[in-house]
There are 2 protein chains.
Amino acid sequence: MLDQKPADGTIGKALQVLDLVADFKRPVRFAELQEKSDFPKATLYRLVQSLTNQGMLTHDPDRMTYAPGVRLLRLAHAAWQQSSLARIAGRHLDKLAADVDETVHLAQLDNAQVLYIDKRVPKQPVEMYSQAGKVGPAYCTGVGKVMLAYQREAVLPQMIAQQSFHRFTDFTLTDETALRKELKAIRDRGYGFDREEHEPGIICIALPILSRGGRLYGALSVTSTTQRTDLTKLEKLVPQIRETAMKISDEAEAWRFPDPHGGE
Amino acid sequence: MLDQKPADGTIGKALQVLDLVADFKRPVRFAELQEKSDFPKATLYRLVQSLTNQGMLTHDPDRMTYAPGVRLLRLAHAAWQQSSLARIAGRHLDKLAADVDETVHLAQLDNAQVLYIDKRVPKQPVEMYSQAGKVGPAYCTGVGKVMLAYQREAVLPQMIAQQSFHRFTDFTLTDETALRKELKAIRDRGYGFDREEHEPGIICIALPILSRGGRLYGALSVTSTTQRTDLTKLEKLVPQIRETAMKISDEAEAWRFPDPHGGE
DNA sequence: ACGCAAGTTCCATTATTTGGAACAATGTTT
DNA sequence: AAACATTGTTCCAAATAATGGAACTTGCGT
């Protein structure tokens, strides 16, 4: 799927293995890993062992399977609390979802893919990790296209190169030319749509979350269905969404300047 | 605090750095890391660089700070979906919390510490990563002691050695002898208490989640306050909690045997 | 302009990783 | 029950990557 990494050093290799295990959606046996990986047996074995010792993988001795380890949860907790927008954005998402009465997504870009950081479904309790951490394609989702649109030109080519351009629906943009044109339109307009490009019947409107300096923090979207609404109606929500995005951005900005007298 | 790791290989060192960054609750500068770490400057620098390249850390060029990276969320998502009990346990926790109308915790052991996997507070929506991934001491919490009690004797000594035995309250067990005695009592009884050992006024009852074969999956607890209830009343909940634990265990067991005809 | 501190790069030395092949343990077929 | 097949684990000399002291660069305050 996606594995043309320069893989700098041992760390890169180890993380490659970690990803490999994570990509199986179930506990996986050593032989299965070996099959999917280019590493020679002994090397892979030692990588897996190291990761297991470190708690990044858990090993089930009975079934002889490996799975992502609990240590990742602890680290993700830390990531959640600071690096990502999530902590700051939480209450804003609550409000936005309640105001517009539609599903709201918060996403960031991770290695040319969309990584969903948070989600709100109106009148429905959130499930914890079941949504956050999910990944999706960038070229055919609202948040994905918006984030690509606000990427620096220098890094865009390699990001576009990583898109699969798989045709999910009749509306999916399936080549670079179409995507480039769409990104241009998004930049001009300041927001983007998903016109049933990923799933039939699912449409959305998405805005970037930008810093004062123009740096991209992430993206925000309101998703609905063609049965409930249409793009024209969604477009009317732009001011509300933009205001939410700006509030999140402002708080993120403030958060990154720690108290100058910050002791412990 | 806690850093006497054998640190096997480069992977261990890299993860040590990752932990270090995570332990700061805010974006951190290189010099701060250097101060807290034993690594020579150049070495630390390259470790941080590798981690950043790999997306395990994010680097803010403006502020010159590092923070845990978004890639961790993706990995944690995977961990959540399979390795941990959380996915399976979710609905059982819902039910238990509603039935007993008290706070319910689900925890696993991570490197001699308690790692909270999930939490339910009755009549209150859950927040996503804000709770899951949190860590706590093992020697003075209900879930922690229970999980220590069902640990194999061979690994216990080093786990106990890693406990700080800090006196949080008048009831905290502050030495190995007292803890050993308590663990014995828990094994005999099949469940454990927290008698305001970690926080004044907070009590809980905890049960292990064991496989048929006696392997420890994690622990389940019902927490309350001395104002609302007492240990005797909590003890009456044991059958309900045990039933929940068994259901979770059974499903976990079943889940680990993938469909024999498992194609994809 | 100067000094100071934080971040970054260099490179010979050192330690770790590598991977082919042998070995052990487990399960399956004849 | 014996031979076989499969999967997981260990060995060790060769190859590679990590190391860290010191030098270099950059940005800031005086």
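A, B, ... follow the sequence lines: proteins, then strands. Residue 1 opens every chain.
Of all the heavy atoms in B/I209 and B/L106, the pair that sits closest is CD1-CD1, 3.6 Å. The minimum heavy-atom distance between A/S37 and A/L44, with the atom names listed, is OG-CD1, 4.1 Å.
In this structure, the CG atom of A/L44 is 11 Å from the P atom of D/dT9, given to the nearest Å. When rounded to the nearest whole Å, the span between CZ of B/F39 and P of D/dT19 equals 7 Å. At whole-Å resolution of the value, NZ in B/K41 and C1' in D/dA18 are 19 Å apart. The nearest whole Å value for the distance from the CG atom in B/N53 to the C1' atom in D/dA17 is 16 Å. Note: CZ (A/R46) to C1' (D/dG8) measures 14 Å, nearest angstrom.
With a heavy-atom cut-off of 4.0 Å to chain A, the contacted part of DNA chain C has its first and last nucleotide at C/dT17 to C/dG20.
Comparing A/M64 and A/L47 along DNA chain C, the residue whose closest nucleotide (by nearest heavy atom) sits nearer the 5' end is A/L47. Closest-nucleotide positions on DNA chain D for A/H59 and A/I11 were compared, and the one nearer the 5' end corresponds to A/H59. Residues B/Q49 and A/P40 both approach DNA chain C. Their nearest nucleotides, taken by heavy-atom distance, put B/Q49 toward the 5′ side.
If you check every strand for non-hydrogen atoms under 4.0 Å, B/A42 touches a base. Across all strands, B/R29 comes closer than 4.0 Å only to sugar-phosphate atoms, never to a base (heavy-atom distances).
A salt bridge is absent between B/D23 and B/K36: the closest approach of a Lys/Arg side-chain nitrogen to an acidic carboxylate oxygen does not fall below 4.0 angstrom. Residues A/K184 and A/E153 are not paired through a salt bridge, judged by the lack of any N-O separation under 4.0 Å between the basic side chain and the carboxylate.
Proximity of A/Y45 to the phosphate of D/dG8: no side-chain N or O atom is located under 4.0 Å from OP1 or OP2.
Between A/F165 and A/Y139, the two ring planes are tilted [angle within 30° to 60°]. The aromatic rings of A/H59 and A/Y66 lie parallel to each other, their planes meeting at an angle below 30°, with 60° marking the opposite boundary.
For the pair B/R189 and B/Y191, the cation-pi criterion (under 6.0 Å, within 45° of the ring axis) is fulfilled.
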Short N/O separations, protein against nucleotides 26-30 of chain D, under 3.5 angstrom:
none

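The salt bridge (Lys or Arg N to Asp or Glu O under 4.0 Å) analysis of residues 43-52 of chain A, with sequence neighbours excluded, yields no pairs.
More than 12 heavy atoms of other shown residues, nucleotides or ligands fall within 6.0 angstrom of atom CE in A/M159.
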